[in-house]
There are 2 protein chains.
Amino acid sequence: MTRSPTRHPSLAQRLRARGWRMTPQRVAIVAALDDARAHTTAEQVHDAVLRGGHRVSLATVYNTLSALAAMGELREVHAGRRSAAFDYNVDPHHHVVCDVCGALADLDPGVARGLRLAASQSNGFEVHGVEVVFHGRCRACAAR
Amino acid sequence: MTRSPTRHPSLAQRLRARGWRMTPQRVAIVAALDDARAHTTAEQVHDAVLRGGHRVSLATVYNTLSALAAMGELREVHAGRRSAAFDYNVDPHHHVVCDVCGALADLDPGVARGLRLAASQSNGFEVHGVEVVFHGRCRACAAR
DNA sequence: CTGCTTGCAAACGGTTTGCATTATT
DNA sequence: AATAATGCAAACCGTTTGCAAGCAG
């Protein structure tokens with residue numbers, strides 16, 4: 001089969017290809033992200049790394065996640081007043097966030113399809129992205 | 001002309017009607033809000049009050065704006081990582097925010113009309129509100 | 001006179017940074 | 001060896017809070 005040798009399927013490989021030094025800390029952080037494959041905060045990633053038996057400072061987790069977000073390997077989501085979430089899924093989609101417990105869930109990607117165009121016509125604004133966050137109560141919190 | 005005596009057109013009057021003690025600090029804050037009639041941060045309101053020759057602590061501004069938001073007289077908007085904005089316009093509408101200078105502008109209220117229903121069908125989620133924030137660069141920042 | 005409101009200053013929580021040390025390439 | 005990444009602790013910034021003093025109703 002013909003496969004371009006410059007394609008790197010895993011996150012770790014893509015980072016290596018970008019010239020990233022793959023320190024044990026970065027390996028552990030990337031492993032935690034691959035394992036979760038979901039919205040995670042810096043603290044959650046840090047906890048997961050520690051639980052895995054590795055010692056990484058929270059500052060390094062923050063720096064690493066921010067760098068990954070800056071290069072488009074993660075998407076940073078600021079939902080409400082709580083801490084930032086880093087989304088493993090970088091495809092365009094939106095979220096619902098629970099006002100009570102802060103839970104973050106995905107919304108159908110078909111929703112809000114025509115919105116981007118509409119925004120670009122607003123005040124000569126140059127649109128880079130859209131953050132659509134519905135807030136309310138998740139099923140669990142609404143039940144009690 | 002027939003006008004109900006229980007209707008209070010001004011913000012100050014509505015607050016009085018709710019039993020709020022109209023201290024000089026609150027009068028000054030409300031005056032600043034009425035004057036701006038726009039998105040303002042706590043700091044901006046504080047500055048405006050000081051410029052008007054009144055002495056109000058920043059803590060009081062924060063407490064007052066939060067209370068007004070809690071009673072629906074302002075809408076709190078969290079756009080991106082910057083500080084919260086308090087929106088004088090509480091009617092449903094959305095925003096565009098500049099990644100460079102943080103400027104916040106309104107978006108056509110017709111946009112995103114069907115979104116709320118869609119969200120309410122997501123995971124049994126009970127929707128209280130929607131924050132739709134487009135980000136990118138405003139005309140001024142895109143020009144330089 | 002009652003108790004809500006204020007101001008201060010300190011605490012707070014998430015995040016970033018300066019700098020000396022360490023480790024990858 | 002050269003250079004990039006780490007850890008620590010302190011700084012940071014927006015926001016909140018505890019408590020004594022003040023003032024509106």
Side-chain angles (χ1 to χ4, degrees), chain A residues 12-32 39-47 49-50 52-71 73-86 97 101-102 104, chain B residues 12-32 39-47 49-50 52-71 73-74 76-87 97 101-102 104:
Chain A
Q13 281 177 286
R14 287 195 299 276
L15 296 177
R16 246 181 256 278
R18 282 178 184 267
W20 264 39
R21 291 192 182 177
M22 289 309 282
T23 66
Q25 291 89 340
R26 287 180 172 177
V27 171
I29 290 169
V30 167
H39 316 102
T40 43
T41 65
E43 287 249 6
Q44 288 172 334
V45 171
H46 188 229
D47 288 350
V49 166
L50 294 188
H54 303 90
R55 221 168 350 290
V56 181
S57 73
L58 185 54
T60 292
V61 173
Y62 271 110
N63 290 335
T64 304
L65 295 182
S66 296
L68 289 173
M71 67 177 64
E73 292 288 359
L74 294 176
R75 189 147 75 94
E76 202 169 342
V77 179
H78 293 263
R81 59 225 56 171
R82 299 175 190 270
S83 50
F86 292 85
V97 58
C101 69
L104 197 61
Chain B
Q13 279 176 288
R14 286 196 300 274
L15 296 177
R16 247 179 257 278
R18 281 177 184 269
W20 263 39
R21 292 192 181 176
M22 290 308 282
T23 66
Q25 292 88 339
R26 288 180 171 176
V27 170
I29 290 170
V30 167
H39 316 101
T40 42
T41 65
E43 285 249 7
Q44 288 171 335
V45 171
H46 187 231
D47 288 351
V49 166
L50 295 188
H54 304 89
R55 223 172 339 296
V56 181
S57 73
L58 185 54
T60 292
V61 174
Y62 271 110
N63 290 335
T64 304
L65 295 182
S66 296
L68 289 173
M71 68 177 62
E73 292 287 0
L74 292 177
E76 200 168 344
V77 179
H78 292 264
R81 60 227 57 172
R82 298 172 189 273
S83 49
F86 292 85
D87 198 342
V97 58
C101 70
L104 198 60

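Here C:dA10 presents its C1' atom at 14 Å from CG of B:Leu58, a figure rounded to the nearest Å. Rounded to an integer number of Å, the gap from CG of A:Leu15 to C1' of C:dT24 is 15 Å. When rounded to the nearest whole Å, the span between CG of A:Asn63 and C1' of C:dG14 equals 14 Å. Here the P atom of nucleotide C:dG14 and the NE2 atom of A:His46 are 14 Å apart, to the nearest Å. Here the P atom of nucleotide C:dT15 and the CG atom of A:Leu65 are 10 Å apart, to the nearest Å. Look at CE on B:Met22: it is 11 Å from P on C:dT5, rounded to the nearest Å. Here C:dC4 presents its P atom at 17 Å from CD of B:Gln25, a figure rounded to the nearest Å.
Applying the ring-ring contact (aromatic ring centres under 6.0 Å, His included) rule to B:His39 yields the partners B:His95; only residues at least two apart in sequence or on another chain are considered.
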Expected output check: what is the dot-bracket annotation of DNA chain C, where ( ) and [ ] are pairs inside the strand (brackets for crossing ones), | is paired with another strand, and pairs are Watson-Crick or G-U under 3.5 Å? ||||||||||.|||.||||||||||
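In this structure, A:Ala84 reaches the sugar-phosphate backbone alone: every heavy-atom distance under 4.0 Å involves primed, P, OP1 or OP2 atoms, never a base.
The span of DNA chain D lying next to chain B, judged by atoms under 4.0 Å from heavy atoms, is bounded 5' to 3' by D:dG14 to D:dG25.
Annotation for A:Ala85 and A:Leu104: closest pair CB-CD2, 3.9 Å, computed over non-hydrogen atoms. The two residues A:Ser83 and A:Thr41 have their closest heavy-atom pair at OG-CG2, 3.9 Å. Of all the heavy atoms in A:His46 and A:Leu58, the pair that sits closest is NE2-N, 3.6 Å.
Taking the nucleotide of DNA chain D with the nearest heavy atom to each of B:Pro24 and A:Arg55, the more 5' of the two is matched to A:Arg55. Take the nearest nucleotide of DNA chain D for A:Thr60 and for B:Glu43: the residue whose nucleotide is more 5' is A:Thr60.
Between B:Ser57 and the phosphate of C:dC8, there is no side-chain N or O to OP1/OP2 separation shorter than 4.0 Å. Under 4.0 angstrom from either OP1 or OP2 of C:dT15 there lies at least one side-chain N or O belonging to A:Tyr62. For the pair B:Arg21 and C:dG3, the criterion of a side-chain N or O lying under 4.0 Å from OP1 or OP2 is not met.
Formation of a donor-acceptor pair under 3.5 Å by the A:His54 side chain with backbone atoms of A:Gln25 is not found in this model.
By the 4.5 Å heavy-atom criterion applied to side chains, B:Met71 and B:Arg14 are not counted as neighbours. Between B:Val45 and B:Val56 there is no side-chain heavy-atom pair separated by less than 4.5 Å.
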Could you go through B:Val61 and B:Phe86, starting from their C-alpha distance and side-chain angles, then the distance that decides it, and tell me whether this counts as side chain to side chain contact (heavy atoms under 4.5 Å, CB included)? CA-CA 11 Å; B:Val61 174; B:Phe86 292 85; over 6 Å; no
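With rounding to the nearest 0.5 Å, the separation of CG in A:Asp47 from OG1 in A:Thr40 is 11.0 Å.
Between C:dT16, C:dG14, C:dC8, one nucleotide has an atom nearer to the side chain of A:Ser83 than all others, and that is C:dG14.
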